[in-house]
Each structure stands twice: as C-alpha cells, then as structure tokens.
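For reference, the structure discussed in these notes is given below.
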Amino acid sequence: MKYKLASLFLASSLMWPAVNSAKDSLVKVPNTPISRKILAKLGLDYSCMGGSKEHLHYLMNDEAREAFRKHQHSKMALFEAQEVVAEDVNSMFPELSNDSDLGIYHTYEEMETVLKSYESQYSDIFRLEVGAKSYEGRNIYVAHLGNPEAEKSFFFMGSHHSREWISVEVPLAIIKELLQKYERDEQTRNLIDTTNIVIIPMLNPDGAVYSREKYKMWRKNRKPTEDSRYVGVDNNRNYDYKWGLIGASSWPGSDTYMGPHAESEVENQLIVSLAQKHNFTGAISFHSYSELVIWPWGYTDKIQSKDHATFAKYGKEMGKIMGYKPMQISGLYPAAGGFDDRLYADFGVLAYTFELGKWFVPKEHEVPEILENSIKAVRYFLVNARDPFAGVSNTPVYEAMRYLEKIVYDLEVKADEDARWDSVALLDKFEVKEIEQAMEELAMDSTLRSRILQALAKSRRYGGLYTAQ
Ligand code: 0X9
Ligand code: ZN
C-alpha cells in the first residue's frame with residue numbers, strides 16, 4: 001500500500017514515546033540535494049538502501065522516528081513528498097521455517113560445501129583458498145578459476161553487505177556456470193584457459209550469518225567498535241580512497257560507519273591484497289538493490305572520471321543485458337571509501353558495482369532471471385573488456401584530466417589556501433584550450449570550472465597566458 005506519510009505522522013507524532021516498537025518501514029523520498037541534506041542532518045542513512053536518480057529509500061525505524069521527533073521543523077519539507085513503500089520491511093524477506101534452510105539462498109555452510117565439492121570435482125581449473133579469517137573466525141573463501149598464469153585477470157565478488165543475500169548467489173552461479181560448461185562449450189573453455197578469474201562469493205560471512213539468523217536488515221560486518229557499544233563497519237565505506245569524505249559516517253552506530261581508520265577491516269585488507277597480487281583488468285562487485293550498473297567516481301558528483309567514456313561503453317552494454325540503468329555512481333548519491341573507486345583509482349581496474357534486483361533479497365521466483373542475466377553480463381565482460389583502455393591515448397588533454405581530478409579534490413577538501421593554489425598551478429604546463437577541453441570531457445561542475453579558471457589566471461602570473469573571463 002502506498003500513501004502519503006505526512007498525515008500518518010501528523011496523526012501519530014503526538015503519541016510517539018521516545019522509544020517505541022512500531023514496525024520498520026521503507027520510505028521513499030525525492031532524490032534531491034535538499035532531501036539528502038535533511039536526512040544527513042537528522043543522522044539518517046540515505047546512502048545504503050535502494051535508489052534511483054529520482055528517488056531515495058530510507059528506513060523509518062525507531063531511531064528515525066526519534067530523530068524526526070526532535071527536529072520537528074526539518075521534517076516538514078521532507079514529509080510533503082514522501083511515501084511509504086512498505087509498512088514492514090521484515091515482511092519483504094522470505095518466510096523461513098529455520099535458519100538452516102534459506103530456500104534458494106545459500107547458508108554459509110551450504111556455500112562452503114558447494115565450493116569444497118567443486119575443489120575435488122574440478123581440481124584442474126578450480127582452487128579454493130582461505131583468503132582471511134573473519135572477526136568471528138569464519139573462512140573468507142577466495143575461489144580461483146582458470147589459468148593462474150594467464151595475462152588477463154578478472155575479479156567478481158559479493159556480500160560487502162550482509163542483507164544483500166542475492167549478491168552471494170550471483171558469484172556462486174558464475175562459478176557453477178564456468179565450471180560446468182568448461183567441457184562442453186568452446187567459449188567457456190577458451191575463457192577459462194586464457195583467464196585468471198578470482199571470485200569471492202561472500203566477503204563478509206559474519207554479517208551474512210547474522211542477517212540470516214538474527215536480524216535480517218543487518219548490513220555491516222560484526223567487529224565491535226572499541227570504546228563503544230556498537231558493532232560493525234560498513235565494508236564499502238572502509239577503503240582507502242577519499243575515505244570518509246562524503247556519504248559515510250564516523251558514528252559507529254551508523255549503517256554507513258566508515259571504521260576507525262581506512263582499511264581497518266580484514267575484509268578490505270583482503271581485497272586490496274588481491275588487487276596488489278593479480279593486476280585485475282576488470283571487476284564487478286555485486287550488491288542489491290535498485291537494478292543499476294554503476295561505476296566511479298562514487299566520491300564526487302562534480303566530475304566524471306577521465307575514463308568515463310570507457311566505463312560507459314561497457315557499462316551500457318551490461319546494463320542492456322541486465323535490463324538495468326547504467327550510470328556513474330554519484331549520479332545516485334556521492335559516497336566515498338567504496339570498492340570501485342579504490343580499485344579504479346589505485347590499480348587502474350575497470351571496476352563496476354551492480355545493484356541487483358528490486359529488494360535486498362529478491363523473491364525466489366525472481367532469482368533465476370537475475371542469475372541468468374548476470375552470467376550473460378559477466379560473459380560479455382570477460383570476452384569484450386580484455387583491454388578496455390587500449391583505445392585511450394595519453395594525450396595532453398587526457399593528462400590534464402588526471403591533474404584536474406586531483407585539483408578538484410584539493411579544492412574541495414584542503415583547508416590550506418596556499419596548498420589549494422599550488423595544486424591549481426600544476427596546470428600551468430598545459431595550453432588553456434587543453435584545460436578547457438579536459439574540463440568539458442570531465443563534465444566538470446560549472447562553479448568549480450570557474451573557480452579553477454580564476455585561480456589559474458592568478459597562477460599564470462609570469463606569462464600572463466590566460467585571463468579569466
Ligand atoms: O552504497 C553502497 O555501498 C552501494 N549501494 S548499497 O545500497 N548496496 O549499499 C553502492 C556503492 C557504489 N560505490 C561507491 N559508492 N563507491
Ligand atoms: Zn550493498
């Protein structure tokens with residue numbers, strides 16, 4: 001049932017006790033900077049539920065009610081336009097008779113059994129490694145398929161986020177598909193013989209088990225935060241690239257808690273060590289939900305990446321296969337410290353995130369199509385994106401784009417004025433035309449563009465090459 005929330009709240013807000021036990025509902029608001037600002041001000045996470053360019057979902061739980069109760073004024077603007085999408089999020093998870101049978105979904109133990117059986121059945125082309133031990137002592141499995149000597153490496157993974165159960169099923173389905181088709185399908189055999197494929201189906205097993213057995217909406221890992229009563233870090237806010245800059249929380253109770261320091265978590269350390277070891281060409285991190293194929297940058301919506309055209313080329317094709325919308329991550333909302341930004345920025349990986357399905361745990365009857373399409377998209381990726389940056393030549397404009405990316409960050413973040421202008425001076429070696437073209441190709445925000453051009457006018461004091469308009 002969908003209805004405006006305003007009347008519901010006006011009717012019931014007077015009766016809310018400080019703590020109550022109403023159901024946790026899923027609420028939809030317009031995705032605008034202003035609603036993001038209000039939600040952030042209220043301390044509510046808008047960057048971890050579903051969304052689109054037009055709408056954001058967030059969770060109306062006791063904490064949110066309490067925040068709204070305390071800030072009567074801020075809530076009104078938001079109320080006008082918000083809708084309850086589901087009254088009780090718990091009703092959107094499968095009814096389970098017991099925790100050891102999740103229907104079509106794998107438990108941690110079932111996943112373990114399947115992976116071990118592949119190890120004995122396909123020992124020539126499959127190897128199972130315990131990449132790391134989780135905080136609660138579970139194995140974080142890394143599956144290696146194909147040819148470890150191959151020049152090309154690809155990486156697929158699931159379950160940064162515990163409640164996103166479908167994100168485990170897709171990597172498992174990819175493994176099964178590639179192994180089972182190896183003998184009878186030529187394309188698969190070629191791929192396996194010429195590619196080193198690394199797959200982590202469940203990066204965060206502690207959280208995954210907790211979501212399946214204790215609290216379905218659990219998102220983070222399960223490591224307690226020192227000197228606090230809270231548990232868990234959001235693994236997709238913990239990576240060491242623009243860590244904590246935006247869309248992440250420093251409060252350990254938050255669902256988007258970024259952790260005590262960058263890459264403090266064993267899960268994140270494992271991913272980075274694999275990236276260091278394998279020289280991945282491409283990667284896909286599976287999440288749910290929203291039916292999106294997204295790519296860097298996540299940390300800013302003020303620019304595109306210098307490789308946006310390349311990301312868009314493969315992203316659009318995979319979007320078509322999935323029936324999903326392709327876009328830059330920050331088109332949804334900027335959030336820093338994510339997997340894709342880190343792999344792209346520091347290892348040059350063509351790294352995507354897929355937001356699978358319409359809910360964290362899609363209905364059983366929806367799962368086969370999601371798996372089938374994902375397998376097709378992964379095949380497309382493995383076959384076509386083997387040398388994705390081949391067409392990109394290191395022209396002065398491309399190089400200027402690289403500098404501009406750094407400058408945008410310095411201008412936005414550095415408090416020290418001198419350091420900011422020093423950073424802009426890096427552009428002195430480029431022609432003005434090249435800089436302007438680079439800004440155009442980065443689709444740079446216009447305010448930022450004029451700030452940089454003005455700063456440049458100052459820094460070009462020797463030759464007077466450029467005068468700001
Ligand atoms: O916010 C996230 O971590 C992902 N969405 S989710 O609803 N599954 O939590 C999107 C991650 C996109 N990548 C970056 N923000 N870098
Ligand atoms: Zn996620």
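Hydrogens, waters and symmetry mates are skipped; everything else that's a heavy atom, side chains included, is used. For ligands, and for the atoms within them, numbers begin at 1 and follow the listed sequence. Given the structure is predicted, the values throughout are model-derived calculations rather than measurements.
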Below 2.8 Å, any N, O or S contact between Cys48 and the Zn ion (ligand 2)?
no
Any idea which atoms of ligand 1 are less than 4.0 Å away from a heavy-atom of Ser47?
1 (O)
With rounding to the nearest 0.5 Å, note down the distance linking CD1 in Ile174 to CD1 in Ile197.
9.0 Å
Strictly by modelled atom types, are Glu366 and Trp359 linked by a side-chain donor-acceptor pair under 3.5 Å?
no
Specify the protein heavy atom at minimum distance from atom 8 (N) of ligand 1: its residue, its atom name, and the distance to 0.1 Å.
Glu164 OE2, 2.9 Å
Within the structure, is a non-hydrogen atom of Ser288 found at a distance of less than 4.0 Å from ligand 1?
yes
re atom 7 (O) of ligand 1, the protein heavy-atom contact at minimum distance is Cys48 O, 3.3 Å
Ligand 1 to Ala335 polar contact by distance, N or O atoms, under 3.5 Å:
yes
With a 4.0 Å heavy-atom cut-off (strictly under), which part of Tyr333 contacts ligand 1: side chain, backbone, both or neither?
side chain
Taking both backbone and side-chain atoms of Asp340, is any N or O found less than 3.5 Å from an N or O belonging to ligand 1?
yes
Report yes if Arg219 has an N/O atom closer than 3.5 Å to an N/O atom of ligand 1; otherwise report no.
yes
Mode of Met49 contact toward ligand 1 - side chain, backbone, both, neither (heavy atoms, under 4.0 Å)
backbone
For a quick test of reading the model, state the closest non-hydrogen atom pair linking Arg163 to Val361 and the distance between them.
O-CG2, 3.5 Å
Does any N/O atom on Tyr289 come nearer than 3.5 Å to any N/O atom on ligand 1?
no
What's the verdict on salt bridge (charged side-chain N to carboxylate O under 4.0 Å, His left out) for Glu399 and Arg402, showing C-alpha distance, side-chain angles and the deciding distance?
CA-CA 5 Å; Glu399 207 194 332; Arg402 191 193 309 273; 5.9 Å; no
From His287, Arg237, His160 - option closest to atom 3 (O) of ligand 1 by heavy atom:
Arg237
To check you understand the geometry: which heavy-atom pair defines the closest contact between Pro171 and Ser167, and what is its length?
CD-O, 2.8 Å
Derivation and outcome, salt bridge (charged side-chain N to carboxylate O under 4.0 Å, His left out), residues Lys306 and Glu441:
CA-CA 7 Å; Lys306 65 184 185 319; Glu441 290 194 26; over 6 Å; no
With a heavy-atom distance limit of 4.0 Å, tell me whether Pro296 approaches ligand 1 through its side chain, its backbone, both, or neither.
neither
Please work out whether the ring planes of His160 and Phe339 are parallel, tilted or perpendicular, with thresholds of 30° and 60°.
perpendicular
Within ligand 1, which atoms have a heavy atom of Gly338 less than 4.0 Å away?
16 (N)
Which heavy atom of the protein is the closest neighbour of atom 12 (C) of ligand 1, given with residue, atom name and distance?
Ile329 CG2, 3.6 Å
Can Ser52 and Asn31 be counted as having a side-chain donor-acceptor contact under 3.5 angstrom?
no
Can you report which non-hydrogen protein atom sits closest to atom 5 (N) of ligand 1, along with the distance?
Glu355 OE2, 2.6 Å
Taking the Zn ion (ligand 2) as the vertex, measure the angle between atom ND1 in His287 and atom OE2 in Glu164; round to 10°.
150°
Do Asn235 and Lys220 pair up side chain to side chain, a donor and an acceptor below 3.5 Å, judged on atom types alone?
no
Closest protein heavy atom to atom 11 (C) of ligand 1, given as residue, atom name and distance to 0.1 Å:
Asn236 ND2, 3.4 Å
Quick one: sort the Trp297 and Tyr241 rings into parallel, tilted or perpendicular, breaks at 30° and 60°.
parallel
Look at the rings of Phe360 and Tyr289 and say which category their plane angle falls in: under 30° parallel, 30 to 60° tilted, over 60° perpendicular.
perpendicular
Restricting to N, O or S atoms, which atom of His161 is closest to the Zn ion (ligand 2)?
ND1
Give a yes-or-no answer on whether the side chains of Thr395 and Ser393 include a donor-acceptor pair shorter than 3.5 Å.
no
